[in-house]
Number of protein chains: 2
Amino acid sequence: METTGFERHDHGACIRDGVSAVDARCRELGLQFTPVRRRVLELLLEGHRALGAYDILDRLREEGLGSQPPVAYRALDFLVKHGFAHKIERLNAFVACACPGESHMPAFLICRQCDKVAEAEADMRDGRLGESAAAVGFRIERAVVEAEGLCPSCQGAAA
Amino acid sequence: METTGFERHDHGACIRDGVSAVDARCRELGLQFTPVRRRVLELLLEGHRALGAYDILDRLREEGLGSQPPVAYRALDFLVKHGFAHKIERLNAFVACACPGESHMPAFLICRQCDKVAEAEADMRDGRLGESAAAVGFRIERAVVEAEGLCPSCQGAAA
DNA sequence: TCGTGAATTGTGATAATATAACAGAGGGCG
DNA sequence: CGCCCTCTGTTATATTATCACAATTCACGA
């Protein structure tokens, strides 16, 4: 289990790699990685932050890539459906996936101060929740796991 | 760790006990358990299902207890704030708390077929997510844990 | 008991998030 | 070319949630 997002890293590479990984994956799967979809992914990769659909729509509008909600929602649906982005239910917002292509049950660490979001792997079917689900005979298919708190640098800033 | 909601149980008692537990707790804490708040809690306890704010508002309207959204939202905010109910982010809906009064980090098992919701205890600060959060120095304060899948009886029905 | 301030409720308006429906554009392929 | 399929553009609308402010009710001490 690993996390990304709070450590410092080469963020330019982070965007480039994210986009090209998705690009490759789309080629593999025969999916169309259109300009709107690509741009939305770039926007999501820009900060390790969750962006609302309307934030994204505003950016698209500025750039002449579309002006109505369905444009943004369709691109986001595409990205989410294929695992290139995730929806953060707690925030009604979206983040780029930290490891596109790998199938996983993501969990998120959301800083309430700076709004950064890190992605971790946490398959709930193992572990204690999985046990208690199994105990009552519930079969877990998907899970939303969103932890909220303070990231390391905001803890430092508070002190 | 225990769950409730999928086992069969005396549901009449379930509502009565839920309401009176909250009633007692409000008395303890000097909170006003007003008619609207009581009624909303009863509605939430009726099925072990998540109800949307507007579903609740419709019921309140029928009963002459209020007709505008803030009436429902304020009652729900009260119940959630004091731990008598929880919001299911995945569904934008609300459920009564299975063990009001006890402070806890609830997790939910949501059946995608029958919409029933069971509550389990799952403190994310322990376990593997907690470890990986600790590893990057993230301090978890709250967590949304919502597992979706099939409850025992819906698995049976599917077969 | 009464006054006072705080909490609660009533109501209209509006914000924020999300989807439906259908027409048009474009590309691959017979 | 003509057909089909996917993607895009656009209007309209649905769903979820909050703001603002007036009216009322309630708790509590004088």
Side-chain angles (χ1 to χ4, degrees), chain A residues 22-23 25-41 43-44 49-82 84-95 115 144 146, chain B residues 22-23 25-41 43-44 49-82 84-95 115 144 146:
Chain A
V22 170
D23 198 20
R25 193 90 182 102
C26 284
R27 238 179 281 277
E28 263 179 60
L29 300 175
L31 302 171
Q32 299 185 43
F33 196 35
T34 64
V36 184
R37 292 168 178 180
R38 173 184 297 264
R39 190 65 191 121
V40 170
L41 180 64
L43 292 171
L44 291 179
R49 281 181 173 75
L51 287 180
Y54 282 76
D55 298 333
I56 287 171
L57 182 57
D58 289 344
R59 298 288 303 270
L60 293 180
R61 197 161 6 221
E62 286 167 14
E63 300 171 12
L65 276 171
S67 62
Q68 300 302 321
V71 173
Y73 279 102
R74 284 194 288 234
L76 288 166
D77 287 348
F78 170 86
L79 295 171
V80 169
K81 177 176 170 191
H82 297 289
F84 305 143
H86 302 291
K87 181 170 187 184
I88 306 294
E89 299 289 346
R90 179 81 178 73
L91 305 175
N92 294 317
F94 300 82
V95 284
D115 284 333
V144 171
E146 299 170 357
Chain B
V22 170
D23 197 20
R25 193 92 182 101
C26 283
R27 237 180 281 276
E28 263 178 60
L29 299 174
L31 302 171
Q32 299 183 44
F33 195 35
T34 65
V36 183
R37 291 169 177 177
R38 173 183 296 264
R39 189 67 190 119
V40 170
L41 180 65
L43 292 171
L44 291 179
R49 283 181 171 73
L51 287 180
Y54 281 76
D55 298 333
I56 287 171
L57 182 57
D58 288 344
R59 299 286 305 268
L60 292 179
R61 199 163 3 222
E62 287 167 14
E63 301 171 12
L65 275 170
S67 62
Q68 301 301 321
V71 173
Y73 280 101
R74 283 194 287 234
L76 289 166
D77 287 348
F78 170 86
L79 295 172
V80 169
K81 178 174 170 191
H82 297 290
F84 305 143
H86 303 290
K87 180 171 188 183
I88 307 294
E89 299 289 347
R90 179 79 180 73
L91 305 176
N92 294 316
F94 301 82
V95 284
D115 285 332
V144 171
E146 300 170 357

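What you see below is based on every heavy atom in this structure, not just the backbone, and it leaves out hydrogens, waters and symmetry mates. Here is the naming used below: chain letters follow the sequence lines, and residue numbers restart at 1 for every chain.
A salt bridge is absent between B:Arg74 and B:Asp77: the closest approach of a Lys/Arg side-chain nitrogen to an acidic carboxylate oxygen does not fall below 4.0 angstrom. A salt bridge is defined here as a Lys NZ or Arg NE, NH1 or NH2 lying under 4.0 Å from an Asp or Glu carboxylate O, and A:Asp55 with A:Arg59 fails to meet this definition.
Protein atom CZ of B:Arg39 is 18 Å distant from nucleotide atom C1' of C:dT9, rounded to whole Å. In this entry the distance linking CG of B:Leu91 with C1' of C:dT17 reads 16 Å, nearest Å. Across the protein-nucleic acid pair, B:Asp77 atom CG and D:dA17 atom P stand 10 Å apart, rounded to whole Å. Between the P atom of C:dT17 and the CG atom of A:Asp58 lies a distance of 10 Å, rounded to the nearest Å. When rounded to the nearest whole Å, the span between CD of B:Glu89 and C1' of D:dA17 equals 12 Å. In this structure, the CD atom of B:Gln68 is 17 Å from the P atom of D:dA23, given to the nearest Å. Counting to the nearest Å, the C1' atom of D:dT8 and the CG atom of A:Leu65 are 11 Å from each other. Rounded to a whole Å, the CG atom of A:Leu76 is 14 Å from the C1' atom of C:dT19.
Comparing C:dT9, C:dA20, C:dA18 by their nearest atom to the side chain of A:Lys87 picks out C:dA18. In this structure, the nucleotide among C:dT8, D:dA20, C:dA18 sitting nearest to the side chain of B:Thr34 is C:dT8. The side chain of B:Gln32 approaches C:dT8 more closely than any other nucleotide in the set D:dC7, C:dT8, D:dT18.
The aromatic ring of B:Tyr54 does not stack onto the base of D:dT15, failing the criterion of a centre distance under 5.5 Å from the six-membered base ring together with planes under 30° apart.
Taking 4.0 angstrom as the limit, B:Arg37 places a side-chain polar atom (N or O) nearer than this to OP1 or OP2 of C:dT8. Checking the phosphate oxygens (OP1, OP2) of C:dA18, a side-chain nitrogen or oxygen of A:Asn92 falls inside 4.0 Å.
Nearest-nucleotide assignment on DNA chain C puts the 5′-proximal partner with B:Ser67, out of A:Pro70 and B:Ser67.
Summarising the geometry, atom OH belonging to B:Tyr54 is positioned 12.0 Å from atom CG belonging to B:Asn92; distances are rounded to the nearest 0.5 Å. Rounding to the nearest 0.5 Å places CG of B:Leu51 at 12.0 Å from CG of B:Leu57.
Residue-to-nucleotide contacts include no donor-acceptor pair under 3.5 Å from the side chain of A:Tyr73 to the base of C:dA20.
No donor-acceptor pair closer than 3.5 Å links the side chain of A:Glu146 to the backbone N or O of B:Val144.
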